[in-house]
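Written out below as structure tokens is the structure these notes cover.
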Number of protein chains: 2
Amino acid sequence: MSNIKGKGHCQSCQIRHLSIFAQLPIDRLVEIQVFQPSVVVYAPDETVYHQGDSALNAFTLRKGLIKLTKTLPNGRTQIVRVLRTGDLFGFDGFANEPYNHTATPLSEIEVCRLPLGELMELKKQNPEIENTMMRRWIQHLREAEDMMLELGAKKAPERLASFLIRWCEGTGGSWVVLPLSRGEIGELLGLTIETVSRFLSDWKRQGFLNEQRGSIQIQDVDGLRKMACASGNC
Amino acid sequence: MSNIKGKGHCQSCQIRHLSIFAQLPIDRLVEIQVFQPSVVVYAPDETVYHQGDSALNAFTLRKGLIKLTKTLPNGRTQIVRVLRTGDLFGFDGFANEPYNHTATPLSEIEVCRLPLGELMELKKQNPEIENTMMRRWIQHLREAEDMMLELGAKKAPERLASFLIRWCEGTGGSWVVLPLSRGEIGELLGLTIETVSRFLSDWKRQGFLNEQRGSIQIQDVDGLRKMACASGNC
DNA sequence: CGCACCCTTGAATTGTATCAACTCTGGTGG
DNA sequence: CCACCAGAGTTGATACAATTCAAGGGTGCG
């Protein structure tokens, strides 16, 4: 089961600069030190919450990666987002709604569990928090729109190529950890495991990219980019 | 060209109860009456703003329907959202980002143009506005996630059927205006105009639904619902 | 009336899923 | 240390879904 590691102390938090408390002035941090959210650890075979659960806590991801998924009654699954360190998630309760998706670790993770009531109070009293959260919601919305374009208007190789390029963005051709199985990449892009496997194999053979147990390296971004937009230059 | 109809007066606004100012107490309305956003009219062949434009204004839709679209360089287009009366849109500026999509009327429309700076100020001074906006962003995010599931995990007939059911939700089998062409439905669901046409024709022949110049009527919701989930009950 | 535009329908083509067999890898226990 | 196993990935053959191409029909408008 999940494991409460202890209480978090925002003042000394290593990842505060990535969190919704990033913009908060130091003196406010001292004042809110009564706020000590639980730091919780989950294994990859657990879930942080399930779609439909009532949303009593929001969370900040401290370590590892999380996938947010939605599942149809017939079992088909869609990954709607992959979270990284500092991301806030599970805030549906702010709109009085139950969680709209399931949060599952992609590796051992550590999260900061923020009780909704307390977070609401902090937000009310600290405009910086409010502001940072707003910015992030708008940013998420933009990313969601981008994803809809990917899913609705692109073909398999285009989706896969632009996913890989985005994943490795800004790493200048070096090795990047990609802790997603073929099946999970498929669930993210609306493709089957076989289709993902075929294109990856193809591209490895063509020398566009390299792979080694859970890490990839893009060797020819332009080659991949051509795949990402078979007709027209995206 | 677009046409400024005059200045808006929040106090006497007919659709205020649908807007982000819905929760604002009457006395605050009196205080903010210096805030007089422009009411602007657009024809269906214009756009309110383009993807990439710098986002200087947010808008509230007063009359008509709007589609928000994203377009790939090769011309393929995705509708990411259809707006209804009261919806707030074009708020990317809050995150210092340019508009992420293009806003196009589906009919003659009337919008309330809210200069970003003034709206920001109002929001700061009125927690009710802040709160309503937050709720809506979260709601939008949830809808976007739902749409990703539709696009990524469902087949053509399932997408189309559940779109129709959603569109006519709560109207109990009566006629509903559907001012989207076959092509636009296709752009929304990631399908071609022909595919949309084929299924609609089929279902009309089977008596699941009826259509008459721009309006539809669902005659057999359960029949449609079966289409919406070929394998499993959604 | 005739033209434009949207919609419909059919036939051919292509992309992706499905089905099935096989390989590779890491881990476990003898 | 090796044999074995389970799980993930690969690859090929086939089926099917949806697009593409093409032609024709309907409706509203100048």
Side-chain angles (χ1 to χ4, degrees), chain A residues 44-45 67 72 74-78 106-107 150-161 163-164 177-206 208-216 227-232, chain B residues 43-45 67 72 74-78 106-107 150-161 163-164 178-206 208-216 227-232:
Chain A
D45 58 344
K67 61 175 176 181
L72 250 30
N74 61 32
R76 275 179 283 174
T77 291
Q78 179 69 24
L106 286 170
S107 58
E150 295 286 320
L151 292 172
K154 287 189 180 176
K155 298 190 186 300
E158 302 166 337
R159 285 184 226 170
L160 185 56
F163 161 72
L164 292 172
V177 179
L178 179 66
L180 294 170
S181 68
R182 298 292 188 264
E184 285 167 329
I185 297 173
E187 285 176 356
L188 182 65
L189 303 177
L191 303 171
T192 57
I193 179 173
E194 293 96 334
T195 303
V196 173
S197 180
R198 273 184 243 276
F199 284 112
L200 285 178
S201 298
D202 259 25
W203 296 342
K204 279 192 277 182
R205 275 189 288 265
Q206 290 188 46
F208 292 164
L209 55 89
N210 235 318
E211 195 181 26
Q212 233 168 82
R213 39 184 170 73
S215 287
I216 60 163
M227 298 292 105
C229 43
S231 36
Chain B
D45 59 344
K67 61 175 177 180
L72 252 28
N74 61 32
R76 275 178 282 174
T77 290
Q78 179 70 23
L106 286 171
S107 59
E150 295 287 320
L151 293 172
K154 287 190 180 176
K155 298 191 186 299
E158 302 166 338
R159 284 183 228 173
L160 185 55
F163 161 73
L164 292 172
L178 179 65
L180 294 170
S181 68
R182 298 291 187 265
E184 284 166 330
I185 296 173
E187 285 175 357
L188 182 65
L189 303 177
L191 304 171
T192 58
I193 180 172
E194 293 96 335
T195 304
V196 174
S197 180
R198 274 184 244 276
F199 284 112
L200 284 179
S201 299
D202 259 24
W203 296 342
K204 279 193 275 183
R205 274 188 289 266
Q206 292 188 44
F208 292 164
L209 54 90
N210 235 319
E211 194 181 27
Q212 233 169 83
R213 38 183 173 75
S215 287
I216 60 163
M227 298 293 104
C229 40
S231 36

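By convention in this document, chain letters (A, B, ...) are assigned in the order of the sequence lines, proteins followed by strands, and residues within each chain are numbered from 1. For the numbers below, each heavy atom of this structure counts, side chains included, while hydrogens, waters and symmetry mates do not.
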(request) Please state how far atom CZ in Arg76(B) lies from atom C1' in dA18(D), giving the value in whole angstrom units. (result) 14 Å
(request) Take the protein atom CG of Leu200(A) and the nucleotide atom P of dA8(D), then report the distance between them rounded to whole Å. (result) 16 Å
(request) Give the rounded distance in Å between these two atoms: CG of Leu191(A) and P of dG15(C). (result) 14 Å
(message) Need one value for Arg205(A): base, sugar-phosphate or nothing, where a base atom within 4.0 Å counts as base even if backbone is also close, heavy atoms only.
(response) sugar-phosphate
(message) Any base atoms under 4.0 Å from Gly186(B), or only sugar-phosphate, or nothing? Heavy atoms, all strands.
(response) nothing
(message) If I take atom CG in residue Leu189(B) and atom P in nucleotide dT19(D), what distance separates them, rounded to the nearest angstrom?
(response) 11 Å
(message) Check this one for me: any side-chain N or O of Ser201(B) less than 4.0 Å away from OP1 or OP2 of dC7(C)?
(response) no
(message) When you measure only distances, ignoring hydrogens and angles, does the side chain of Glu211(B) come within 3.5 Å of the base of dC7(C) through a donor and an acceptor?
(response) no
(message) Just the rounded figure in Å: distance from C1' of dA17(C) to NZ of Lys155(A).
(response) 15 Å
(request) Report yes if a donor N or O on one partner sits less than 3.5 Å from an acceptor N or O on the other, where the partners are the side chain of Arg198(B) and the base of dG10(C); otherwise report no. (result) yes
(request) Could you state the atom-to-atom distance from CD of Glu158(B) to C1' of dC16(D) in whole Å? (result) 14 Å
(request) Would you mind reading off the distance between Glu194(B) atom CD and dG10(C) atom P, rounded to a whole angstrom? (result) 14 Å
(message) Rounding to an integer number of Å, can you tell me how far Arg182(A) CZ sits from dT10(D) C1'?
(response) 9 Å
(request) Would you indicate what Gly214(B) reaches in the nucleic acid, counting non-hydrogen atoms under 4.0 angstrom: base, sugar-phosphate, or nothing? (result) nothing
(message) Any side-chain to backbone donor/acceptor pair from Glu158(A) onto Met227(A)? Under 3.5 Å, distance only.
(response) no
(message) Is it the case that dC6(C) (base atoms only) and Glu184(B) (side chain only) share a donor and an acceptor within less than 3.5 Å, ignoring hydrogens and angles?
(response) no
(request) Identify the two heavy atoms, one from Pro157(A) and one from Trp203(A), that lie closest to each other, and give their separation to 0.1 Å. (result) O-CH2, 3.4 Å
(request) Using a 4.0 Å heavy-atom cut-off across all strands, classify Thr195(B) as base, sugar-phosphate, or nothing. (result) base
(request) Give a yes or no on whether the backbone of Ser197(B) and the side-chain of Arg182(B) come within a donor-acceptor separation of less than 3.5 Å. (result) no
